[in-house]
Visitor: 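One structure coming up, written as structure tokens, with questions to follow.
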Amino acid sequence: MVYDAHRHIGVLPAYPFYGGPPVNPDTTARATVKQLVADLDDEGTERALVIPNYGVPDSAVAFSFNELAIEAAQSDDRIRAGLWVSPRPEDAERTEQALALAGEDGVRALKLSFLLGGRPTDPACRPQLDRIFRTAQEHGLVVHVHTSPGAASDIDEVGHLVDWYADQVPVHLVHFGGGMSGHIKLVGSRFFDWIESGKRVYTDLSWAIGFTPRWLAREIERRGIGHDRVLFASDQPWGDFTGEYARLAEAAGGGELGELVFRDTFATLYD
């Protein structure tokens with residue numbers, strides 16, 4: 001029984017990434033709820049948090065999939081919805097429209113990323129961040145935050161959101177830092193320091209470098225904390241369900257930690 005804490009819905013337009021020709025790298029992106037549900041059936045996924053697809057540098061595209069995520073959640077009880085929001089001042093109107101949907105049936109998370117602009121420490125973004133986290137607290141939602149090494153998504157930047165808001169709101173650090181520097185900072189101390197200080201911080205290991213799941217599982221066992229803060233996530237269509245599952249299953253095993261990672265922690269946060 002597998003619960004997936006992070007996957008996407010919506011097909012992005014082709015885009016000339018990195019100066020090349022227009023391409024669609026997210027080859028398994030799904031445009032309809034029916035297609036998404038068929039994937040869940042094929043995988044044997046019993047629960048899923050579904051978030052708008054994003055990646056092209058036009059936030060309007062990601063916002064346009066919010067209604068589709070809600071449709072998915074309201075058409076199948078296995079699905080929970082995450083809504084795309086943005087801390088950028090220029091996205092304030094669209095973010096307000098998204099936050100107005102926070103009380104809809106099936107909505108369990110708000111998703112923000114700095115890949116499309118903005119920065120946690122940019123004073124211009126702070127009012128929108130306060131608004132997003134205040135809405136999450138009012139509706140009992142989790143805030144998903146993309147992490148990756150360098151620039152605005154680096155754990156040194158995103159970590160400020162944990163410091164500022166995670167006393168009141170659960171913060172899900174997607175991709176566990178997203179690369180070598182983030183993994184080492186988090187497993188080495190920071191993830192566990194936050195937990196010990198009472199922060200409501202969670203994570204998934206999609207995109208994690210190969211050594212990381214085993215090291216994290218070992219540190220959880222050694223320290224005796226963090227076992228209830230890690231979730232399985234496929235990040236479909238950007239991730240690979242089969243590969244993500246195999247790596248995490250090997251690290252977490254079939255005992256209590258595996259049950260928490262693949263099922264019980266999701267149920268606590270999203271059901």
Visitor: Would a 4.5 Å heavy-atom cut-off, applied to side chains only, mark L101 and E67 as touching?
Guide: yes
Visitor: When rounded to the nearest 0.5 angstrom, what is the spacing between CG in L173 and CZ in R190?
Guide: 10.5 Å
Visitor: Just one of H8, R7, R30 clears the side chain to side chain contact (heavy atoms under 4.5 Å, CB included) bar with N53, so which one?
Guide: H8
Visitor: Under the rule for salt bridge (charged side-chain N to carboxylate O under 4.0 Å, His left out), what residues qualify as partners of E71, not counting sequence neighbours?
Guide: none
Visitor: With clusters defined by side-chain heavy atoms of hydrophobic residues (ILVMFWY) lying less than 4.5 Å apart, directly or transitively, does L186 cluster with I184?
Guide: yes
Visitor: Where do S206 and D235 land on the side-chain hydrogen bond (donor to acceptor under 3.5 Å, both in side chains) test, with the steps shown first?
Guide: CA-CA 7 Å; S206 56; D235 195 27; 4.9 Å; no
Visitor: At what distance, to the nearest 0.5 angstrom, does CZ of R88 lie from OG of S59?
Guide: 4.5 Å
Visitor: Side chain to side chain contact (heavy atoms under 4.5 Å, CB included) with F176: which of I155, D204, L216, V230?
Guide: L216
Visitor: Clusters formed by hydrophobic residues whose side-chain heavy atoms approach within less than 4.5 Å: which one holds W84, and what are its other members?
Guide: Y54, F63, L115, L116
Visitor: Do E244 and W207 have side-chain heavy atoms sitting under 4.5 Å apart?
Guide: yes
Visitor: Is there a donor-acceptor pair under 3.5 Å between the side chain of T147 and the backbone N or O of V174?
Guide: yes
Visitor: With a 4.0 Å cut-off on N to O distance, would you call E250 and R247 a salt bridge?
Guide: no
Visitor: Determine whether D39 and F241 make a side-chain contact, defined as any pair of heavy atoms from C-beta on separated by less than 4.5 Å.
Guide: no
Visitor: Please answer whether the main-chain N or O of R131 pairs with a side-chain N or O of T135 as donor and acceptor at a distance below 3.5 Å.
Guide: yes
Visitor: In chain order, what residues pass the salt bridge (charged side-chain N to carboxylate O under 4.0 Å, His left out) check against D154, with sequence neighbours excluded?
Guide: K185
Visitor: Using only atom types and a distance under 3.5 Å, with no angle test, would you say the side chain of E157 pairs donor to acceptor with the backbone of R119?
Guide: no
Visitor: Is there side-chain contact between T95 and L112, with heavy atoms separated by less than 4.5 Å?
Guide: no
Visitor: For residues H175 and H146, determine if any side-chain heavy atom of one lies less than 4.5 Å from a side-chain heavy atom of the other.
Guide: yes
Visitor: Can you check whether G178's main-chain N or O pairs, donor with acceptor, with S148's side chain at less than 3.5 Å?
Guide: no
Visitor: Using a strict cut-off of less than 4.0 Å between a Lys/Arg side-chain nitrogen and an Asp/Glu carboxylate oxygen, indicate whether E219 and R222 qualify as a salt bridge.
Guide: yes
Visitor: Count I, L, V, M, F, W, Y as connected when their side-chain heavy atoms are under 4.5 Å apart, and connections chain through other members. Are L110 and I79 then in the same cluster?
Guide: no
Visitor: Starting at CG of L260, measure out to CG of D228 and round the result to the nearest 0.5 Å.
Guide: 6.5 Å
Visitor: Looking at CG of D167 and CZ of R200, how far apart are the two atoms once the value is rounded to the nearest 0.5 Å?
Guide: 9.5 Å
Visitor: Quick check against the 3.5 Å criterion: does D4 have a side-chain atom that pairs as donor or acceptor with the backbone of H6?
Guide: yes
Visitor: Please write out which residues are connected to L269 in a hydrophobic cluster, directly or through intermediates, given that two of Ile, Leu, Val, Met, Phe, Trp, Tyr count as joined at side-chain heavy-atom separations below 4.5 angstrom.
Guide: M1, Y3, L49, I51, V142, Y202, L231, F266, Y270
Visitor: Which residues pass the salt bridge (charged side-chain N to carboxylate O under 4.0 Å, His left out) test with R78, not counting sequence neighbours?
Guide: D41, D76
Visitor: State plainly whether one hydrophobic cluster holds both V171 and L99, where clusters connect Ile, Leu, Val, Met, Phe, Trp and Tyr through side-chain heavy atoms under 4.5 angstrom apart.
Guide: yes
Visitor: Do the side chains of R80 and D271 get close enough for a salt bridge, i.e. N-O under 4.0 angstrom?
Guide: yes
Visitor: Just how far is it from atom CZ of R223 to atom OG of S189, taken to the nearest 0.5 Å?
Guide: 7.0 Å
Visitor: Is the Lys NZ or Arg CZ of R126 less than 6.0 Å from the centre of W164's six-membered ring, within 45° of the axis?
Guide: yes
Visitor: List for me each residue that meets salt bridge (charged side-chain N to carboxylate O under 4.0 Å, His left out) alongside R108, sequence neighbours excluded, and say none if there are none.
Guide: none
Visitor: Is it the case that the side chain of Q74 and the backbone of D105 share a donor-acceptor pair, with hydrogens and angles ignored and the cut-off at 3.5 Å?
Guide: yes
